[in-house]
Peer 1: 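Next up is a structure, given as structure tokens.
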Amino acid sequence: MNHSQTPTDVRRPVLEVEDLSLRRVGSANPASLVQSVSFDVRHGECLALIGESGCGKTLTSMSVLGLLPSAISVAGGAVRLNGTDILGSSEAEYARIRGKSIGAIFQDPMSSLDPTMRIGDQIAESRRIHLGESRSDASRRAVELLDRVGITNAKSRLGSYPFELSGGMQQRVMIAAAIACEPDILIADEPTTALDVTVQAGVLDLLRTLQAELGLAVLLVTHDLGVVADFSDRLAVMYAGQIVERGATREVLDELPLHPYTKALSASVMQTARAHSILPTIPGRVPSADEMPLGCRFQKRCAFADPDRCSQPQEEVPVGHARTSRCVRVHEINNLEVLARA
Ligand SMILES: Nc1ncnc2c1ncn2[C@@H]1O[C@H](COP(=O)(O)OP(=O)(O)OP(=O)(O)O)[C@@H](O)[C@H]1O
Ligand SMILES: [Mg+2]
């Protein structure tokens with residue numbers, strides 16, 4: 001959680017995603033895989049994008065990085081980085097943006113580390129290319145960065161290859177590479193999902209400290225509500241390619257989730273914690289690209305569904321301060337006195 005004095009909503013937006021729609025190439029269904037998704041991430045804050053598997057979180061973050069799979073095309077929208085639209089940039093421009101302005105870390109460190117290159121060279125090269133630093137300065141900085149992310153004997157590790165390191169250490173090296181050129185924003189897609197719980201806690205602590213020290217904007221993509229509660233300032237809940245709820249993390253998770261999907265998600269997490277099982281579950285499944293309904297996308301699994309009103313496309317309904325729920329029944333199904341008092 002960011003404890004800076006400046007309220008989140010008056011800080012400068014670093015990343016703005018506006019009305020982003022993504023479609024599967026050749027799909028006959030007019031409903032998009034990612035539909036009119038809008039959010040911003042401001043200087044020094046962490047926005048979490050959460051939701052079950054297959055909701056479109058990774059596709060959304062990949063479209064920011066210019067790394068969409070070839071089977072997916074952009075159907076509309078804008079992605080602005082410090083005010084400039086970067087969606088549809090050339091591959092060379094994206095390579096520059098990814099190296100310098102946007103850092104990225106993924107679940108699998110080996111998806112971004114080059115297995116054939118020594119870790120020191122990977123970090124130093126990025127500073128030489130993007131910041132024009134000399135070989136010796138870049139190498140010195142690589143030691144500092146490895147030290148900063150908790151690699152012991154950093155200097156002697158410069159010559160190691162990624163495969164010589166444990167999973168947790170690879171994750172730390174990937175973080176060092178991601179922040180090497182002092183990016184404006186870090187995109188972290190399931191950064192700790194593949195790690196043991198104890199290693200996970202250390203990596204999250206590191207991310208939190210770096211975020212505060214560097215004033216980084218962070219877009220955190222995860223299905224783990226525990227990580228979200230711990231780390232993010234605001235959250236956007238995605239379901240089947242749409243944002244169905246947004247608000248301050250504390251309000252949504254601790255006080256009152258508004259959308260039936262968020263309610264089901266938090267209830268299942270509590271149940272999971274009680275049953276000591278591993279994965280929270282909600283009965284039913286996320287609709288696939290070809291069966292995406294035109295009305296409410298959650299209605300088949302929703303305890304509050306009303307066949308007449310939910311078969312229409314749902315708009316985001318503003319509720320209280322900077323909160324929305326994409327549910328036509330939001331006022332009926334929630335005790336909104338709680339929010340009025342907030
Ligand atoms: N290369 C692809 N070709 C076709 N469909 C794809 C492709 N990649 C993703 N999809 C589809 O897009 C939807 C969203 O996928 P995405 O990877 O963004 O989900 P996610 O929310 O990140 O899930 P997870 O939590 O499992 O990572 C899914 O229905 C998926 O099947
Ligand atoms: Mg994903």
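For ligands, and for the atoms within them, numbers begin at 1 and follow the listed sequence. We count residues from 1, following the sequence as given.
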Peer 1: Can you find an N or O of Ser53 that's nearer than 3.5 Å to an N or O of ligand 1?
Peer 2: yes
Peer 1: For Val79 versus Asp85, what's the shortest heavy-atom pair and its separation?
Peer 2: O-OD1, 2.9 Å
Peer 1: Quick one: does Gly56 get within less than 4.0 Å of ligand 1, heavy atoms only?
Peer 2: yes
Peer 1: For atom 4 (C) of ligand 1, what is the closest protein heavy atom, and at what distance to 0.1 Å?
Peer 2: Arg24 CD, 3.6 Å
Peer 1: Using a strict 4.0 Å threshold on nitrogen-to-oxygen distance, state whether Glu291 and Lys300 make a salt bridge.
Peer 2: no
Peer 1: For atom 3 (N) of ligand 1, what is the closest protein heavy atom, and at what distance to 0.1 Å?
Peer 2: Ala71 CB, 3.6 Å
Peer 1: Do any nitrogen or oxygen atoms of Cys55 lie less than 3.5 angstrom from nitrogen or oxygen atoms of ligand 1?
Peer 2: yes
Peer 1: Ion pair present between Arg141 and Glu182, side-chain N to carboxylate O less than 4.0 angstrom?
Peer 2: yes
Peer 1: Below the 3.5 angstrom mark, is there an N/O of Ile72, backbone or side chain, next to an N/O of ligand 1?
Peer 2: no
Peer 1: State the atoms of ligand 1, each with its element, that fall below the 4.0 Å cut-off from a heavy-atom position in Pro69.
Peer 2: 1 (N)
Peer 1: Consider every N or O of His223 and every N or O of ligand 1, then say whether any pair is closer than 3.5 Å.
Peer 2: no
Peer 1: If you take all heavy atoms of Ser63 and Leu20, which pair is closest and at what distance?
Peer 2: OG-CD2, 3.2 Å
Peer 1: About how many Å separate CD of Gln122 and CZ of Arg127, when rounded to the nearest 0.5 Å?
Peer 2: 15.5 Å
Peer 1: Charged N to carboxylate O under 4.0 angstrom, Glu245 versus Lys263?
Peer 2: no
Peer 1: Out of curiosity, is Met62 lining ligand 1, as in a heavy atom under 4.0 Å away?
Peer 2: no
Peer 1: With heavy atoms only and a cut-off of under 4.0 Å, state how Leu33 meets ligand 1: side chain, backbone, both or neither.
Peer 2: side chain
Peer 1: Quick one: nearest non-hydrogen protein atom to atom 29 (O) of ligand 1, plus distance?
Peer 2: Gly54 O, 3.8 Å
Peer 1: With heavy atoms only and a cut-off of under 4.0 Å, state how Met238 meets ligand 1: side chain, backbone, both or neither.
Peer 2: neither
Peer 1: Classify the ring geometry of Tyr161 against Phe163: parallel below 30°, tilted from 30° to 60°, perpendicular beyond 60°.
Peer 2: parallel
Peer 1: Quick one: do Glu316 and Arg326 make a salt bridge, cutoff under 4.0 Å?
Peer 2: yes
Peer 1: Do any N/O atoms on Lys57 end up under 3.5 angstrom from N/O atoms on ligand 1?
Peer 2: yes
Peer 1: Just say parallel, tilted or perpendicular for the rings of Phe298 and Tyr239, cut-offs at 30° and 60°.
Peer 2: perpendicular
Peer 1: Can I get a per-line list of side-chain donor-acceptor pairs under 3.5 Å for residues 21-28, giving both atom names and the distance, sequence neighbours left out?
Peer 2:
residue : atom : partner : partner atom : Å
Ser21   : OG   : Ser36   : N            : 3.0
Arg23   : NH2  : Pro30   : O            : 3.3
Arg23   : NH2  : Ser32   : OG           : 3.4
Arg24   : NH2  : Asp290  : OD1          : 3.2
Arg24   : NH2  : Asp290  : OD2          : 3.0
Ser27   : OG   : Asn29   : N            : 3.2

Peer 1: Do you know which two heavy atoms are closest between Pro115 and Met110, and how far apart they sit?
Peer 2: CB-CE, 3.7 Å
Peer 1: Please write down residue, atom name and distance for the protein heavy atom closest to atom 17 (O) of ligand 1.
Peer 2: Thr58 CB, 3.7 Å
Peer 1: Pull up every protein N/O/S atom sitting under 2.8 Å from the Mg ion (ligand 2), skipping waters.
Peer 2: Thr58 OG1
Peer 1: Any chance CD of Glu315 has more than 12 other-residue heavy atoms, nucleotides or ligands included, within less than 6.0 Å?
Peer 2: no
Peer 1: Any nitrogen or oxygen of Leu59, main chain or side chain, under 3.5 Å from a nitrogen or oxygen of ligand 1?
Peer 2: yes
Peer 1: Numbering the atoms of ligand 1 from 1, which are under 4.0 Å from a heavy atom of Glu52?
Peer 2: 21 (O)
